[in-house]
Amino acid sequence: MKVRNVETTIINNNEKTGYSANLPRNFSIKKSANSSTPSFKGIDPTSSMIDFWAAVARGGLAASFTVQDMLGTNFPRTFAALDRNKDITGKNNYKAAVEVAIREFTTGPSMFIIPALVLAGASRYSGEANKVPVDNIAVFSDIMKGSINSLSDNKFKDINFKTLSKEELQSAGIEIKKTFYKDVFESIFSQFADIKDINIDEYIDLMLKAEDPATPKRNFFMSMANKRIMKNGVAVDAKDEILSQLSTKFVADKKAHTQGWGDFLTAKIVPGTKSFKISDIIDDMKNYSNDFAKQYISAQSKDITSGSKVLINKFINNFRDSRIGTRFITNVMMVVATGLFMSIIPKLYTRNKTNPETDAIYAQVKEQRGAANNENQ
């Protein structure tokens with residue numbers, strides 16, 4: 001049996017039914033009057049399960065892992081503990097159930113929460129590029145050299161960053177991001193066949209639109225429920241919806257320009273490297289370029305001459321090495337912090353002096369030994 005990605009299945013189903021991410025949400029396909037489909041229906045278990053797992057997929061890896069962990073281990077083990085030794089005592093074992101529940105419901109989520117907190121702290125104090133995997137930092141840095149050198153020869157030529165206003169510096173940061181995004185997408189699509197009809201500018205526009213401070217953001221639960229944000233009675237696209245449109249567009253372009261079946265949600269930034277989900281690449285591009293643009297503009301205002309390619313390449317190499325180093329340290333800190341928290345968990349759920357899962361067994365054995373001793377006497 002071949003397991004298919006939930007997002008891929010949803011996108012394929014959308015294409016089969018004619019749905020497009022660019023169509024209005026109230027768009028529907030009219031059915032003929034002779035359709036045999038009844039005008040009413042009850043609860044469809046299959047559709048309900050698809051909707052449920054689609055909602056989980058929208059919650060990301062953390063939500064997917066947590067839900068599967070709860071359904072696959074947490075609840076079953078808790079209910080099993082509740083029934084522990086019931087054949088001996090005739091009662092539910094609430095003490096055992098409480099201990100198991102605390103253990104299970106803290107272990108699974110903490111495997112995401114603890115690393116996420118460490119990563120958030122490191123990114124806040126050391127730069128957003130700390131969220132980017134080490135391999136991608138190196139690849140992005142190589143691409144950024146071409147992006148900055150191109151800007152230095154054109155839009156940034158003869159510009160003195162020290163004289164620019166705050167708004168102009170922000171515009172310069174956007175230019176860095178636009179050029180970098182274009183170069184990354186060109187590198188990705190260069191691995192496809194006959195890409196003349198792929199409009200890379202549309203990808204850049206979607207990314208910048210999603211990053212615009214004016215674009216609303218849905219919270220975690222709104223995303224899972226696929227609830228839209230309303231402004232003045234009109235539904236507007238949130239950040240995650242815009243990025244979803246970008247992913248859908250990428251899938252369509254990849255399917256049209258590659259042969260055979262594959263995971264159309266993944267891409268290689270440059271040939272010969274590891275494949276990543278396009279949504280992860282988008283996040284990494286944003287985090288890397290945000291961090292780099294801030295550091296580069298700040299350095300331009302102090303030491304670097306815009307037209308000096310040697311100094312630019314040296315700056316980018318230093319930025320790359322610095323972020324790779326801090327990312328490596330962050331990875332170690334995430335492992336250590338998670339391990340330390342795991343070592344504390346037994347103290348959280350050990351609420352009784354003895355093990356409630358074996359108390360009844362020991363009591364029964366003690367009673368049987370007492371009875372045997374009485375018989376021997």
Query raised in the report: Which atoms form the tightest heavy-atom contact between A267 and I281, and what is the distance?
Result: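 Smallest heavy-atom distance, with atoms named: O-CD1, 3.7 Å.
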I'd like to know if the side chain of [X] reaches the main chain of [Y], judged simply by a donor and an acceptor atom lying under 3.5 Å from each other, with no hydrogens or angles considered.
X    : Y    : result
N232 : V234 : no
S165 : E168 : yes
T330 : A122 : no
S152 : I148 : yes
S126 : S123 : no
S190 : S187 : yes
K254 : D263 : yes
R327 : K131 : yes
T78  : N74  : yes
N85  : I88  : no

Query - Transitive ILVMFWY side-chain link F112 to L117, under 4.5 Å - result: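 No, it is not one cluster - the side chains of F112 and L117 are not joined through contacts under 4.5 Å.
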Query - L348-M111 co-clustered via ILVMFWY side chain contacts under 4.5 Å - result: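 In one cluster with L348: M111, yes.
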If you measure from [atom1] on [X] to [atom2] on [Y], what distance do you get to the nearest 0.5 Å?
X    : Y    : atom1 : atom2 : value
I143 : T179 : CD1   : OG1   : 13.0 Å
N136 : S141 : CG    : OG    : 10.0 Å
E175 : I159 : CD    : CD1   : 9.0 Å
F276 : I269 : CZ    : CD1   : 6.0 Å
F156 : L151 : CZ    : CG    : 4.5 Å
S110 : F105 : OG    : CZ    : 13.0 Å

Query raised in the report: Relative to each other, are the rings of F189 and F192 parallel, tilted or perpendicular (30° and 60° limits)?
Result: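 Ring orientation of F189 relative to F192: perpendicular.
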**Report entry** Geometric class of the Y203/F250 ring pair [parallel <30°, tilted 30-60°, perpendicular >60°]
**Finding:**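 Answer is perpendicular, since the angle exceeds 60°.
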Any side-chain heavy atom of [X] within less than 4.5 Å of one from [Y]?
X    : Y    : answer
M144 : R320 : no
I316 : D142 : no
L243 : L206 : no
I297 : I176 : yes
K145 : N317 : yes
I242 : L246 : no
D253 : I198 : yes
D197 : H257 : yes

Query raised in the report: Per the salt bridge (charged side-chain N to carboxylate O under 4.0 Å, His left out) rule, which among R228, R218, K217, K231 passes with D237?
Result: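 Passing option: R228.
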Query raised in the report: Does any donor atom in the side chain of K277 or T266 lie under 3.5 Å from an acceptor atom in the other side chain?
Result: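 K277 vs T266: no donor-acceptor pair found between side chains.
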Query raised in the report: Regarding Y181 and S289, is there a side-chain donor-to-acceptor distance under 3.5 Å anywhere?
Result: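 Indeed, the side chains of Y181 and S289 share at least one donor-acceptor pair under 3.5 Å.
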Query raised in the report: What pairs meet the salt bridge (charged side-chain N to carboxylate O under 4.0 Å, His left out) rule with one or both residues in residues 285-299, with sequence neighbours excluded?
Result: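 Pairs touching residues 285-299 that pass the test: E128-K294, D291-R323.
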Query raised in the report: Applying salt bridge (charged side-chain N to carboxylate O under 4.0 Å, His left out), which residue pairs with at least one partner in residues 77-94 are found, sequence neighbours left out?
Result: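 Only R77-E104, R84-E357 qualify under salt bridge (charged side-chain N to carboxylate O under 4.0 Å, His left out).
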**Report entry** Ring-ring centroid check F319 Y288, cutoff 6.0 Å
**Finding:**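 Here the rings of Y288 and F319 have centres that are less than 6.0 Å from each other.
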Query raised in the report: Between F180 and F292, is the ring centre distance below 6.0 Å?
Result: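 Distance test on ring centres: not under 6.0 Å, no.
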Query - For D212, side chain to side chain donor-acceptor pair (under 3.5 Å) partners two or more places apart - result: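 So D212 forms no side chain to side chain donor-acceptor pair (under 3.5 Å) with any residue.
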Query - K268 vs T273, side chain to side chain donor-acceptor pair (under 3.5 Å): CA-CA, chis, key distance, verdict - result: CA-CA 6 Å; K268 293 182 178 180; T273 58; over 6 Å; no
